[in-house]
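Proteins come first, then strands; the chains are lettered A, B, ... in the order of their sequence lines, and each starts at number 1.
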There are 2 protein chains.
Amino acid sequence: MATGRGRPRDTQIDAAVLQATAEALDHHGYRGVVIEDVARRAGVSKTAVYRRWPNRHRLTLAVLAERVGRIEAPSTGCTLCDLHECLTLITHAFRRLGAGTLAQLIAEGDDDPAVQQHLTQAVLDPPRRAVHRTLFEARRRGDLRSDVDLPLTVDALSSLVFYRLLLGADPMDPHEIEAVVIAQLRGIATDADTLLREATEHEEHHPH
Amino acid sequence: MATGRGRPRDTQIDAAVLQATAEALDHHGYRGVVIEDVARRAGVSKTAVYRRWPNRHRLTLAVLAERVGRIEAPSTGCTLCDLHECLTLITHAFRRLGAGTLAQLIAEGDDDPAVQQHLTQAVLDPPRRAVHRTLFEARRRGDLRSDVDLPLTVDALSSLVFYRLLLGADPMDPHEIEAVVIAQLRGIATDADTLLREATEHEEHHPH
DNA sequence: ATGAATACGAAACGGAGCGTAGCGTAAAGG
DNA sequence: CCTTTACGCTACGCTCCGTTTCGTATTCAT
């Protein structure tokens, strides 16, 4: 890899395989990612796939990481708005991913710590960090009590999104997200009422 | 089935297979439930297994339903205590179940609504109902605001348990459960401070 | 008693899909 | 030119699901 000895890899193959994998993922979920089919649709041999990714788990993660990894924590200064936006972003990103796919990836990591770590790093940490950052900023502004357990609150907020995706009938809708964020804020804010008022004003400046 | 024509089924086989399945589940998780192995350890033919359960998914659910289905909603009259107890029960029941197993079952139901429904009914609904009942009692006592979205609050509380089990490093510990319940109560209670005080008194009567 | 229906065990099978290996060819560098 | 690596093709071994076949056993109905 370091030295350029031998025939260089065809970078178009990487792209084609990732493309085909993404399509299979969207159409049939994780179990639709069948290496032989992916290779054929990419116009590539199975060998070429396995030369780049050690197994279909890692291949799939390579696609998902790009989709989910780009969640940015919003920062408007309005705590309620930021949290709402944050959870909305996560909901959208993971809704496209699909419940079965995520569940399958989790299951596969059950007995292999390395697999589990890759999943966590590539797919689960990014949204967590976004929520954490949002809460951190809020606390820095003095919006949150000082005794709030930040990691636990991160879990409390993001867990709902995953739960509804994995186990619920429907993913979260905007109204539900708002209700949860408000209830949560009442539990951890120094002055929840003021935050709610600020959010209402903010809404008037950025309608819909 | 209605008429007793033909040789009756050996009820010991049912028991032996369920037993063997439970052991496999505890030792190696869902993927350890290999029909051929289960049958052998139960001293039974594979045919006998498939005559009773249509596939390993249903066989596994038959075991889990008995374990998880017996979660009873506590009812001491102390809202905080009841919720704490409720979440603790769920955490214990599902910790034994194992993250990989649950994830695998969810994944398998992805493209088959019937499978998904069986899982929901046998494993996921019981804990949900326990939380719901606990919250319902609390609202009936007037401990909760009247505008509280009960189903959503049920999700908010139980989601955390599942999230930590499926995606987190460790399941919830008692201290974390308490912190979450308190924060949540501040968001939905009519008078959170009084509830907390009651819980403290209750604790003195039922120490440890 | 005899026959139909059902259960049981043993064994073999078909199928899906993962990941690997062997072989011949192609492209790069020393 | 020789070594190294990439590529495609094909075949293979492996695991495990769920099915089928066949001979035997057990029960009820007539």
Point to revise | Electrostatic pair B/D147-B/R145, nearest N-O below 4.0 angstrom | key: no
Check your understanding: Within the side chain of A/T190, is there an N or O that forms a donor-acceptor pair under 3.5 Å with the backbone of A/G142?
Key -> yes
Practice item. Scan A/V49 against the nucleic acid and name what it touches under 4.0 Å (heavy atoms): base, sugar-phosphate only, or nothing. Key: nothing
**Study point:** Under-4.0 Å side-chain N/O to phosphate OP1/OP2 contact, B/R40 with C/dG9
**Key:** no
Review point. When the distance from CD of B/E108 to P of D/dC16 is rounded to whole Å, what number comes out?
Key: 14 Å
Point to revise | Nearest-Å distance for atom pair CG/P, residues B/D37 and D/dG18 | key: 14 Å
Practice item. Let me know, please, whether B/H57 or B/R7 comes out on the 5' side of the other along DNA chain D by nearest nucleotide. Key: B/H57
Review point. Below 3.5 Å, does any donor atom in the side chain of B/T47 face an acceptor in the base of C/dA10, or the other way round?
Key: yes
**Study point:** B/R56 side chain near D/dC17 phosphate (N/O to OP1/OP2, under 4.0 Å)
**Key:** yes
Review point. Which part of the nucleic acid does B/V33 contact within heavy-atom distance under 4.0 Å: base, sugar-phosphate only, or nothing?
Key: sugar-phosphate
Practice item. Send over the distance from A/H28 NE2 to C/dA16 P, rounded to a whole Å. Key: 15 Å
Check your understanding: Of all the nucleotides listed (D/dG8, D/dT3, D/dC17), which has the minimum atom distance to the side chain of A/I13?
Key -> D/dG8
Revision key, fill the gap. Rounded to whole Å, CG of A/D14 lies from P of D/dA6 at a distance of 11 Å
Review point. Rounded to the nearest Å, what distance is computed from the CD1 atom of residue A/I35 to the C1' atom of nucleotide C/dA16?
Key: 14 Å
Review point. When the ring planes of A/Y163 and B/F162 are compared, do they come out parallel, tilted or perpendicular, using 30° and 60° as the limits?
Key: tilted
Point to revise | A/L135 side chain reached by A/D82 side chain, heavy atoms, under 4.5 Å | key: no
Point to revise | No-hydrogen, no-angle side-chain donor-acceptor test under 3.5 Å, B/R95 and B/H92 | key: yes
Exercise for review: Answer yes or no: side-chain N or O of B/K46 and base N or O of C/dG9 forming a donor-acceptor pair under 3.5 Å.
Suggested key: no
Practice item. Spell out yes or no: do the side chain of B/R51 and the base of C/dA7 have one donor N/O and one acceptor N/O closer than 3.5 Å? Key: no
Practice item. From the options C/dC8, D/dA6, C/dA28, select the nucleotide whose nearest atom is closest to the side chain of A/P8. Key: C/dA28
Exercise for review: Give a yes/no answer on whether the side chain of B/R9 brings an N or O atom under 4.0 Å of OP1 or OP2 in C/dA7.
Suggested key: yes
Practice item. Please determine if B/R31 and A/D111 form a salt bridge, counting it only when a charged side-chain N lies under 4.0 Å from a carboxylate O. Key: yes
Study note, to complete from the structure: Ranking C/dG29, C/dC18, C/dG9 by distance to the side chain of A/Y50, first place goes to C/dC18
Exercise for review: Report yes if a side-chain nitrogen or oxygen of A/R52 is closer than 4.0 Å to either non-bridging phosphate oxygen (OP1 or OP2) of D/dC7; otherwise report no.
Suggested key: yes
Revision key, fill the gap. Between CH2 of A/W53 and P of D/dA6 the distance, given in whole Å, is 13 Å
Revision key, fill the gap. On DNA chain C, more 5' by nearest nucleotide between A/G6 and B/S45 is B/S45
Exercise for review: Can you tell me the distance, in whole Å, between the CG atom of B/D10 and the P atom of C/dC8?
Suggested key: 6 Å
Revision key, fill the gap. When rounded to whole Å, the CD to P distance for the pair B/E36 and C/dC13 reads 14 Å
